[in-house]
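A quick write-up on the structure given underneath.
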Amino acid sequence: MEENRVAVIALIVEDTEAAEALNTLLHQYRRAIIGRMGLPCPQRGISLISVAVDAPADQISALSGKLGRLPGVTAKTVYAPTGCGHPPRELGRA
């Protein structure tokens, strides 16, 4: 089994028509998503979205690629260094 990686996918959305397909993809990958933040930038006619993920690198790459192929969407991924931080803990345990 491939080790999970932590990454941030940065999205620039220039076409609001892409929102439904974008949200559908994010929903499909919801188990990998730690959180997301969207910032409208109406003066430039774009939206900026960051999506933090924790998943195997191939899943992160697949999601980023699918998002980047949407019309009017640009996607770039930044990975945390391998081995950074501590291994994941079970919820409710110190």
Side-chain angles (χ1 to χ4, degrees):
M1 177 175 254
E2 189 177 356
E3 182 180 329
N4 276 18
R5 299 285 307 271
V6 173
V8 176
I9 303 172
L11 303 167
I12 298 175
V13 182
E14 298 176 87
D15 183 357
T16 57
E17 296 295 318
E20 185 175 345
L22 189 150
N23 283 318
T24 297
L25 279 171
L26 293 178
H27 181 74
Q28 290 172 357
Y29 284 83
R30 67 190 173 276
R31 288 183 182 87
I33 296 173
I34 299 168
R36 65 191 245 193
M37 176 180 61
L39 300 168
C41 193
Q43 64 273 28
R44 295 200 179 260
I46 62 172
S47 292
L48 307 172
I49 301 171
S50 61
V51 182
V53 293
D54 184 350
D58 61 338
Q59 286 184 24
I60 296 170
S61 180
L63 173 58
S64 182
K66 290 175 184 179
L67 291 166
R69 284 191 293 276
L70 293 174
V73 177
T74 301
K76 298 292 178 187
T77 305
V78 179
Y79 289 87
T82 54
C84 76
H86 302 283
R89 295 182 294 178
E90 288 185 39
L91 293 177
R93 304 237 175 172

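This one's a predicted model, so the numbers in the text were calculated from it and none came from an experiment.
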Summary of side-chain hydrogen bond (donor to acceptor under 3.5 Å, both in side chains) pairs that have at least one residue in residues 30-43, sequence neighbours excluded: Asn23-Arg36, His27-Arg30

Non-neighbouring partners of Ser47 that pass side chain to side chain donor-acceptor pair (under 3.5 Å), sequence neighbours left out: none

Nearest non-hydrogen partners of Pro40 and Gly38, listed with the distance: CD-O, 4.0 Å

Remaining members of the apolar cluster that contains Val8, side-chain heavy atoms under 4.5 Å: none

Close side-chain approach of Ile12 to Val73, heavy-atom, < 4.5 Å: no

Any residue meeting side chain to side chain contact (heavy atoms under 4.5 Å, CB included) with Ala55, in chain and number order, not counting sequence neighbours: Ala32, Gln59, Ile60

Separation of Leu48 CG from Leu39 CG (nearest 0.5 Å): 6.0 Å

Beyond-backbone contact of Leu70 with Leu25, side-chain heavy atoms, under 4.5 angstrom: yes

Minimum-distance pair of heavy atoms, taken over all atoms of Arg5 and Ala57: CG-CB, 4.1 Å

Common cluster, Tyr79/Tyr29, ILVMFWY with side-chain heavy-atom separation under 4.5 Å: yes

Ile49 side chain reached by Ile9 side chain, heavy atoms, under 4.5 Å: no

Taking only distance into account, with no hydrogens and no angle test, what donor-acceptor pairs under 3.5 Å do side-chain atoms of residues 13-21 form with protein atoms, sequence neighbours excluded?
| from | atom 1 | to | atom 2 | distance (Å) |
| --- | --- | --- | --- | --- |
| Asp15 | OD1 | Glu17 | N | 2.9 |

Counterpart residues, side chain to side chain donor-acceptor pair (under 3.5 Å), relative to Arg44 (two or more places apart): none

